[in-house]
Amino acid sequence: MANTTRKNYKKTGRTRRIITVAVALALVLAVLFGVLLQVRNHRREARQEAAEKALAEKIVTVTFPEGTTVLEVAEKLEASGVCSAADFEALCTKVPTGYDRLFEGVTPDGRVFVLEGYLFPDTYDFYKEEGAEKALDRFLKNMNSKVTDEDLAKAKEKGYTLDQVLTLASVIQSEASDPKNMPMVASVFANRLKEGSGFGYIGSDVTRHYIERKMKAYIEEKGLDYNTLFGNYCTNDAYQYKKEGLPVGPICNVGTSAIRAALNPAESSYYYFFTDNDWNYYYNETLSGHQSQWSKLVSEGKAGGTPAATTAAQ
């Protein structure tokens, strides 16, 4: 009986030692596993941080103000290392695929850039060297989201295509960069475009300036027909080459304020307006009133030049 007891005691002791060793080994393994897991997570976090840093270094943020032209957009993209200006400009001479909602019935015929007016002004994040096609897609996706179904319905109600709305909006944008002035400026052009108004031309100098000042070097570089293009965009009656009504297409890229103003002009009986040296706006119903008010401000030193040369709309 005593021998049996001693044997059981020894067996129990061995079992306890085995369990103790096993527990200790398990603890050691758990600690090692925790250390290995921590090292692995640290390495993973380091790789992720390195990848995010590398990605951040490839991202460039570029802001395009309202009223920017295709040439100005292309120049900024090249300066930011996104793509070459030439590649981007070439894409802007063609109607893109996949955006039928925006470009229904639009052709490049008679235009400098068919995508003028469709590059929505905004702040964008690009990848360096991402290329002209991907960069262009960012602009068009943004424009497609900004033009609402209500805008399209309103345009149809007024007898406009979207392209005509953007064209009118681009003139408004160029004439009145401050959104608070846009609806009243829009009313002047809306009145001139009404049937029976007696105006065959909307008479905006900025349409002429688009060709004369902003596009001339490009037109000459590409060997395009300057006189034809001038006639397609210029809406002033005093020139040999001129376009009745709206220009053939937009003259800059517009924001939502200009689009809304084109679709919802203020109610007025004005046919003329100009700005003084401090960018205050003056509106008149008659040419005589327009010229008289202009001359008065010039004599007071509040405006400069002549009405024909410097008024926003003749």
Side-chain angles (χ1 to χ4, degrees), residues 64-76 88-89 92-93 95 102-103 106-121 139-140 143 146-147 155 160-179 181-182 185-186 188-190 192-193 199 201-220 222 224-239 241-263 265 273 275 310-314:
F64 302 90
E66 295 174 351
T68 304
T69 66
V70 164
L71 291 179
E72 291 165 336
V73 170
E75 183 180 348
K76 269 198 169 186
F88 191 82
E89 290 163 9
C92 290
T93 64
V95 176
L102 294 178
F103 294 97
V106 176
T107 72
D109 298 342
R111 306 188 190 204
V112 182
F113 293 109
V114 69
L115 296 193
E116 193 79 87
Y118 291 86
L119 310 178
F120 192 81
F139 286 104
L140 296 181
M143 173 60 84
K146 292 297 192 296
V147 174
Y160 288 153
T161 64
L162 175 61
D163 190 64
Q164 289 172 323
V165 170
L166 293 178
T167 299
L168 179 56
S170 73
V171 177
I172 296 167
Q173 181 80 67
S174 298
E175 294 278 19
S177 57
D178 186 347
N181 294 307
M182 289 181 178
V185 169
V188 172
F189 296 127
R192 290 184 174 192
L193 289 170
F199 285 84
Y201 305 87
I202 64 170
S204 172
D205 278 341
V206 297
T207 60
R208 172 172 57 88
H209 295 163
Y210 177 70
I211 296 297
E212 277 187 341
R213 302 177 184 179
K214 297 182 178 181
M215 295 293 131
K216 187 175 183 179
Y218 175 85
I219 291 170
E220 291 176 345
K222 298 299 180 182
L224 304 177
D225 187 335
Y226 178 84
N227 287 339
T228 296
L229 289 170
F230 184 94
N232 290 344
Y233 285 92
C234 176
T235 62
N236 297 74
D237 194 20
Y239 294 87
Y241 301 100
K242 51 189 177 286
K243 176 76 166 60
E244 290 190 6
L246 294 171
V248 68
I251 60 172
C252 68
N253 294 290
V254 302
T256 52
S257 294
I259 294 173
R260 303 292 183 269
L263 290 171
F273 75 93
T275 58
T310 62
T311 53
Q314 304 305 311

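Starting from 1, each residue takes its place in the sequence as its number.
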**Request:** Considering only NZ, NE, NH1 and NH2 on the basic side and carboxylate oxygens on the acidic side, decide whether D163 and R111 come within less than 4.0 Å.
**Result:** yes
**Asked** Is any side-chain heavy atom of L119 less than 4.5 Å from a side-chain heavy atom of F88?
**Response** yes
**Asked** Has the side chain of Q164 got a donor or acceptor atom that lies under 3.5 Å from a matching backbone atom of T161?
**Response** yes
**Prompt:** Of the non-hydrogen atoms in A186 and A261, which two are nearest, and what is the gap between them?
**Reply:** CB-O, 3.4 Å
**Sidechain-backbone polar pair: E116 side chain, F113 backbone, donor-acceptor under 3.5 Å** = no
**Check: T207 side chain, C234 main-chain N or O, donor-acceptor pair, under 3.5 Å** = no
**Message:** With a 4.5 Å cut-off on side-chain heavy atoms, are L115 and F103 touching?
**Reply:** yes
**Request:** Decide whether Y239 and R208 meet the rule of one side-chain donor and one side-chain acceptor closer than 3.5 Å.
**Result:** yes
**Prompt:** At what distance, to the nearest 0.5 angstrom, does CZ of F120 lie from OG1 of T68?
**Reply:** 11.5 Å
**Item:** Distance-minimising heavy-atom pair for I251 and S170
**Value:** N-OG, 3.0 Å
**Item:** Side-chain heavy atoms of P108 within contact of T93, under 4.5 Å
**Value:** no
**Request:** Using the side-chain contact (heavy atoms from CB on, under 4.5 Å) rule, take V73 and V70 through it: C-alpha gap first, then chi angles, then the decisive distance, then the call.
**Result:** CA-CA 5 Å; V73 170; V70 164; 5.6 Å; no
**Item:** CD (E75) with more than 12 external heavy atoms under 6.0 Å
**Value:** no
**Message:** Quick check: do T107 and V114 have side-chain heavy atoms less than 4.5 Å from each other?
**Reply:** no
**Prompt:** Within a strict 4.5 Å, meaning less than it, do heavy atoms of the V112 and Y210 side chains meet?
**Reply:** yes
**Prompt:** Between Y233 and K243, is a side-chain contact (heavy atoms from CB on, under 4.5 Å) present by the stated rule, with each step listed?
**Reply:** CA-CA 6 Å; Y233 285 92; K243 176 76 166 60; over 6 Å; no
**Item:** Contact check, side chains of N232 and T228, non-hydrogen atoms, under 4.5 Å
**Value:** yes
**Asked** Have S204 and E175 got a donor and an acceptor in their side chains that come within less than 3.5 Å?
**Response** yes
**Asked** When you look at L246 and F189, which way does the side-chain contact (heavy atoms from CB on, under 4.5 Å) test go after all the steps?
**Response** CA-CA 9 Å; L246 294 171; F189 296 127; over 6 Å; no
**Message:** Please report the interatomic distance CD(E66) to OG(S257), rounded to the nearest 0.5 Å.
**Reply:** 6.0 Å
**Criterion side-chain contact (heavy atoms from CB on, under 4.5 Å) on L224 and Y218, from CA distance to verdict** = CA-CA 9 Å; L224 304 177; Y218 175 85; 4.3 Å; yes
**Prompt:** Is it the case that K216 places NZ or CZ above or below the six-membered ring of Y226, under 6.0 angstrom from the centre and within 45 degrees of the axis?
**Reply:** yes
**Fill in**
On a heavy-atom basis, the closest approach of L263 and V165 is CD2-CG2, 3.7 Å
**Message:** Under a 3.5 Å distance rule, please check whether N236 uses its side chain to pair with a backbone N or O of A238 as donor and acceptor.
**Reply:** no
**Message:** Using every non-hydrogen atom in the two residues, find where G117 and P250 come nearest and quote the distance to one decimal.
**Reply:** CA-CB, 3.7 Å
**Message:** Taking the six-membered ring for Trp, are F64 and F139 closer than 6.0 Å centroid to centroid?
**Reply:** yes
**Request:** Taking all non-hydrogen atoms of both residues into account, name the closest pair between G245 and L193 and its distance.
**Result:** CA-CD2, 4.1 Å
**Message:** Using a 3.5 Å distance criterion without hydrogens, assess whether the side chain of Q173 forms a donor-acceptor pair with backbone atoms of G255.
**Reply:** yes
**Request:** Report yes or no: does N253 contribute a side-chain atom to a donor-acceptor pair with the main-chain N or O of G67 at less than 3.5 Å?
**Result:** no
**Asked** Does some side-chain heavy atom of T235 sit less than 4.5 Å from a side-chain heavy atom of K242?
**Response** no
**Item:** Distance, nearest 0.5 Å, that separates CG of L102 from CE of M143
**Value:** 7.0 Å
**Request:** State, with a plain yes or no, whether a side-chain heavy atom of K214 is found less than 4.5 Å away from one of L71.
**Result:** no
**Prompt:** Which value, rounded to the nearest 0.5 Å, describes the distance between I172 atom CD1 and S177 atom OG?
**Reply:** 13.0 Å
**Prompt:** Hey, what do you get for CD1 (I219) to CG (N227), rounding to the nearest 0.5 Å?
**Reply:** 10.0 Å
